[in-house]
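Computed from heavy atoms alone, side chains included, the values below leave out hydrogens, waters and symmetry copies.
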Amino acid sequence: MIRFNETMPRERARGLNPVVLAFVGDAAYSLYVREQLVYGHDYKTGMLQKLSSQSVCAKAQAALAEKLSSIFTEEEKEIFLRGRNAKKPTKSKNASIAEYNLSTGLEAVIGFLYLIGDYARIQELLSGAEE
């Protein structure tokens with residue numbers, strides 16, 4: 001049985017399908033955004049959900065990906081490109097194909113970093129984007 005927050009060896013995580021990395025990254029990014037909102041504000045859940053969905057949508061993630069791409073490491077760039085270019089089983093309802101592809105690339109990077117336990121790098125990327 002796997003323990004919650006157990007880390008994965010780097011090479012195994014690199015070998016995962018980028019859409020699988022994005023699947024994990026979507027959840028990790030959503031949790032990051034929700035934690036930031038809860039720690040920073042005293043809103044009711046309806047407002048928290050509204051604010052969260054503004055940050056977690058494909059359009060917002062695509063804009064974030066463009067902002068962060070210049071500071072990705074070589075390994076992160078490679079994972080980002082794999083995620084961006086991967087064939088996806090679903091389509092976005094509220095974003096362009098380009099935005100959806102960029103957001104998937106960002107989610108793949110976050111998923112990779114989360115799985116290997118590099119939470120400090122996730123924090124560095126995401127907190128730097130807030131500035």
Side-chain angles (χ1 to χ4, degrees):
M1 179 174 195
I2 190 161
R3 293 183 328 244
F4 182 72
N5 255 7
E6 187 170 334
T7 61
M8 181 180 284
R10 182 178 226 93
E11 286 309 308
R12 181 170 176 213
R14 282 181 59 82
L16 289 175
N17 182 308
V19 177
V20 172
L21 292 174
F23 172 75
V24 173
D26 177 58
Y29 181 64
S30 180
L31 181 59
Y32 174 86
V33 167
R34 287 172 182 230
E35 283 183 357
Q36 295 303 306
L37 290 170
V38 168
Y39 282 104
H41 305 284
D42 189 25
Y43 296 138
K44 294 184 183 207
T45 56
M47 179 58 77
L48 291 170
Q49 178 60 34
K50 181 178 180 181
L51 292 171
S52 171
S53 63
Q54 290 173 357
S55 295
V56 178
C57 71
K59 285 181 186 240
Q61 286 181 344
L64 180 58
E66 289 179 332
K67 188 173 184 180
L68 293 177
S69 63
S70 64
I71 61 170
F72 283 158
T73 65
E74 287 304 313
E75 182 177 47
E76 291 164 354
K77 285 177 188 171
E78 185 264 325
I79 291 166
F80 173 78
L81 292 174
R82 283 180 47 219
R84 185 194 69 186
N85 297 335
K87 183 168 172 37
K88 292 133 187 108
T90 60
K91 303 286 184 221
S92 175
K93 291 178 249 174
N94 299 310
S96 70
I97 292 170
E99 289 168 329
Y100 188 61
N101 289 342
L102 287 170
S103 70
T104 304
L106 175 66
E107 289 173 345
V109 171
I110 294 171
F112 170 75
L113 294 170
Y114 181 84
L115 286 173
I116 65 170
D118 197 346
Y119 312 123
R121 180 61 176 156
I122 295 172
Q123 180 68 38
E124 180 183 344
L125 287 171
L126 298 180
S127 65
E130 294 169 359
E131 297 166 1

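In this structure, the side chains of Leu68 and Val109 stay at 4.5 Å or more apart for every pair of heavy atoms. For the pair Leu16/Leu115, a side-chain contact is recorded, criterion being any heavy-atom separation below 4.5 Å from C-beta on. Side-chain contact between Arg84 and Leu81 is present, with heavy atoms from C-beta onward closer than 4.5 Å. Using a 4.5 Å cut-off on side-chain heavy atoms (C-beta onward), Glu107 and Leu21 make no contact. A 4.5 Å side-chain heavy-atom check between Arg121 and Thr73 finds at least one atom pair inside the cut-off. For the pair Ile110 and Tyr32, the minimum side-chain heavy-atom distance is 4.5 Å or more. Side-chain contact between Phe72 and Leu106: present, with at least one pair of heavy atoms (C-beta onward) separated by less than 4.5 Å.
If you check the side chains of Tyr114 and Asn5, you find a donor sitting under 3.5 Å from an acceptor.
The cluster map of Ile, Leu, Val, Met, Phe, Trp and Tyr, joined by side-chain heavy atoms under 4.5 Å apart, puts Ile71 and Ile79 in the same cluster. Two different hydrophobic clusters hold Tyr43 and Leu31 under the rule that ILVMFWY side chains link at heavy-atom gaps under 4.5 Å.
When atom types are taken as modelled, the side chain of Thr104 and the backbone of Tyr100 share a donor-acceptor pair closer than 3.5 angstrom.
In terms of heavy atoms, Gln61 sits closest to Ser103 at OE1-CB, 3.4 Å.
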